[in-house]
Enquirer: 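Following this message is one structure expressed as C-alpha cells.
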Amino acid sequence: MPLILGPDALAPVTLDRREGPYGEVVLRRRGEDFEIIANGCFLMDTSDGRSERLLIDAALAALPAGRPAPAVLIGGLGVGFSLARAAAEPRWGRITVAEREQAIVDWHLDGPLAGISGAALADPRTAVLTTDLVAYLRTTTDRYDALCLDIDNGPDWTVTEDNGNLYSPAGLADCHARLTPGGVLAVWSAQPSAEFEQALRNAGFRGVRTEEVGVARGVPDVVHLAIRAG
C-alpha cells in the first residue's frame, strides 16, 4: 500500500531562532531539507545547491591558467554548499569565509548543517571570519584571487538594506581593490540583472558575463562574473 502523506507532511519545523545584530535568523527543516530565513525572508535551502556550486566552479574556471593555489573569499556561509565545493577542489589554496551571523556559523560547527560543511571546516585551508562582508571588504588589506559572494538574493533583491552597499559603486570599488590582477568577482543572484552587469563595467571590470542555472520556480538562478584587469 502506498504511503499517503497528510497536508502537514512538509510543513516547516523551526529548529532554532536567534535575534542578532542584523535582525532575526531562523533555521527550519522542511521534510529532508533545511531552510535559512532572515528577517522573515527566505534566504536559501538545501534542496538544490547547483548554483551555489557554480559560484565556485565558474570563478576557478575564469582565473588565468596556471595560477598556483589561488586564494578565494566566500561571502556568506549560507547552507555551506559553496564552501564544501571549494574545499573539495585541491587547486584552491587559502579558503576564507566571511559570515556575519554567529547563529549560521554555529549551525555548521555543531548543528544540523555540519553534515554539509564538516569536512570543509576541518580542512586546514579554511578559515571562517564572523564579520560583515561589506565592512570587511572596505577595511581589510587582504587580497584574493577570487571573490565568491552570496549574501542575499542578489543585487535587485536584498535581504537587509545595508546589503545593497555591496552592489553600489563604492562596494564594487572595494571588491575591485581586494582582487589580485586578473582576479575574478563572482556574485550569486536569484535572477539576471542587466543593470548590475553595467554597474560592473562602470566599476572597471572586464569580461562581464552571466551564467544561468535553471530551477523549478522558472526564473533561473545566475552567477554574475567579472574580471579585474591587470
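When reading the values below, keep in mind they use all heavy atoms of this one structure, side chains included, and skip hydrogens, waters and symmetry mates.
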Enquirer: So does Arg28 pair up with Asp16, basic N to acidic O under 4.0 Å?
Expert: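 A salt bridge is absent here (no side-chain N lies under 4.0 Å from a carboxylate O).
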Enquirer: Name the one of His176, Arg206, Arg178 that satisfies side-chain contact (heavy atoms from CB on, under 4.5 Å) with Arg228?
Expert: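 Testing each of His176, Arg206, Arg178 against Arg228, the sole residue satisfying side-chain contact (heavy atoms from CB on, under 4.5 Å) is His176.
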Enquirer: For Gly182 and Ile227, which heavy atoms make the closest approach, and how far apart are they?
Expert: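 Smallest heavy-atom distance, with atoms named: O-CG2, 3.8 Å.
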Enquirer: Hey, are the side chains of Ile36 and Trp107 touching, using non-hydrogen atoms and a 4.5 Å cut-off?
Expert: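 Yes, their side chains come closer than 4.5 Å.
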Enquirer: Would you say that Ile37 contacts Leu43 through its side chain, given a criterion of any heavy-atom pair below 4.5 Å between the two side chains?
Expert: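 Not touching, per the 4.5 Å side-chain cut-off.
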Enquirer: Counting C-beta onward and ignoring hydrogens, is there a side-chain heavy-atom pair between Leu77 and Leu83 closer than 4.5 Å?
Expert: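 Result yes, sub-4.5 Å side-chain heavy-atom pair found.
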Enquirer: Do side-chain atoms of Thr46 reach the backbone of Phe34 as a donor and acceptor pair under 3.5 angstrom?
Expert: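 Checking the backbone N and O of Phe34 against the side chain of Thr46, a donor-acceptor pair under 3.5 Å is found.
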Enquirer: Can you confirm whether Phe81 sits close enough to Leu55 that some side-chain heavy atom of one is under 4.5 Å from a side-chain heavy atom of the other?
Expert: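 No - every pair of side-chain heavy atoms lies 4.5 Å or more apart.
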Enquirer: Check this for me, if you would: do Arg18 and Glu24 make a salt bridge, where the nitrogen-to-carboxylate-oxygen distance has to be below 4.0 angstrom?
Expert: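 No.
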Enquirer: Taking the side chain as everything from C-beta on, heavy atoms only, tell me whether Asn202 gets closer than 4.5 Å to Phe205.
Expert: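 Heavy-atom side-chain distance check fails, nothing below 4.5 Å.
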Enquirer: For Glu99 and Thr130, test the side chains for any donor-to-acceptor distance below 3.5 angstrom and give the result as yes or no.
Expert: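 Short answer, no.
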Enquirer: Checking side-chain polar atoms at under 3.5 Å, does Ser47 have a donor or acceptor matched by the opposite partner on Asp33?
Expert: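 There is no such pair between these side chains.
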Enquirer: Which atom pair, heavy atoms only, marks the closest approach of Thr126 to Ala120?
Expert: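 That would be OG1-O, 2.9 Å.
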Enquirer: Can you tell if the side chain of Pro12 reaches within under 4.5 Å of the side chain of Glu35, non-hydrogen atoms only?
Expert: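 Answer yes - side chains close enough.
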Enquirer: Can you pull the side chain to side chain donor-acceptor pair (under 3.5 Å) pairs that have at least one residue in residues 53-64, sequence neighbours excluded?
Expert: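 Listed once each, the pairs are Asp57-Arg85.
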Enquirer: Say you draw a straight line from CG of Leu137 to CG of Leu166; how long is it, rounded to the nearest 0.5 Å?
Expert: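 With rounding to 0.5 Å, CG (Leu137) is 7.0 Å from CG (Leu166).
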Enquirer: Indicate whether any N or O donor in one side chain lies under 3.5 Å from an N or O acceptor in the other, for Asp142 and Tyr136.
Expert: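 Side-chain D/A pair, Asp142 to Tyr136: present.
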Enquirer: side-chain contact (heavy atoms from CB on, under 4.5 Å), that's the test. Do Ile95 and Ile74 meet it? Break it down for me.
Expert: CA-CA 8 Å; Ile95 302 170; Ile74 300 172; 4.1 Å; yes
Enquirer: Given 3.5 Å as the limit, does a donor-acceptor pair link the side chain of Arg143 with the main chain of Leu179, or not?
Expert: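 Yes, the answer is positive, given that a donor and an acceptor are paired below the 3.5 Å cut-off.
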Enquirer: Using the side-chain contact (heavy atoms from CB on, under 4.5 Å) rule, take Leu225 and Thr210 through it: C-alpha gap first, then chi angles, then the decisive distance, then the call.
Expert: CA-CA 6 Å; Leu225 293 160; Thr210 299; over 6 Å; no
Enquirer: Examine distances only and state if a side-chain atom of Glu101 and a backbone atom of Ala103 form a donor-acceptor pair shorter than 3.5 Å.
Expert: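 Looks like no, no N/O pair under 3.5 Å.
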Enquirer: Should Asp145 and Arg67 count as an ion pair when the cut-off is N to O under 4.0 Å?
Expert: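 A salt bridge links Asp145 with Arg67.
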Enquirer: What distance separates Leu172 CG from Phe196 CZ, expressed to the nearest 0.5 Å?
Expert: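 Result: 5.0 Å between the selected atoms.
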Enquirer: May I have the step-by-step check of side-chain contact (heavy atoms from CB on, under 4.5 Å) for Asp221 and Ser189, ending in yes or no?
Expert: CA-CA 6 Å; Asp221 290 346; Ser189 179; over 6 Å; no
Enquirer: With the side chain counted from C-beta on, respond yes when Val187 and Leu147 share a heavy-atom pair under 4.5 Å apart, and no when they do not.
Expert: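 A side-chain contact is absent here, since even the closest heavy-atom pair is not under 4.5 Å.
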Enquirer: Answer yes or no: is there a side-chain heavy-atom contact under 4.5 Å between Leu60 and Pro70?
Expert: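 Contact flag for Leu60/Pro70 side chains = yes.
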Enquirer: Could you check whether any side-chain N or O of His108 sits under 3.5 Å from a backbone N or O of Gly115, counting only pairs where one atom can act as donor and the other as acceptor?
Expert: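 No.
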Enquirer: Tell me whether Glu19 at atom CD has more than 12 heavy atoms from other residues, nucleotides or ligands lying less than 6.0 Å away.
Expert: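 Correct, the count exceeds 12.
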Enquirer: Who pairs with Glu211 by salt bridge (charged side-chain N to carboxylate O under 4.0 Å, His left out), at least two apart in sequence or on another chain?
Expert: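 Arg209.
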Enquirer: Considering non-hydrogen atoms only, spot the tightest contact between Leu113 and Gly78 and give its length.
Expert: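 So the minimum-distance heavy-atom pair works out to CD1-O, 4.2 Å.
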Enquirer: Report whether Ile56 and Val222 are members of the same hydrophobic cluster (ILVMFWY, side-chain heavy atoms less than 4.5 Å apart, transitive linking).
Expert: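 Each belongs to a different hydrophobic cluster.
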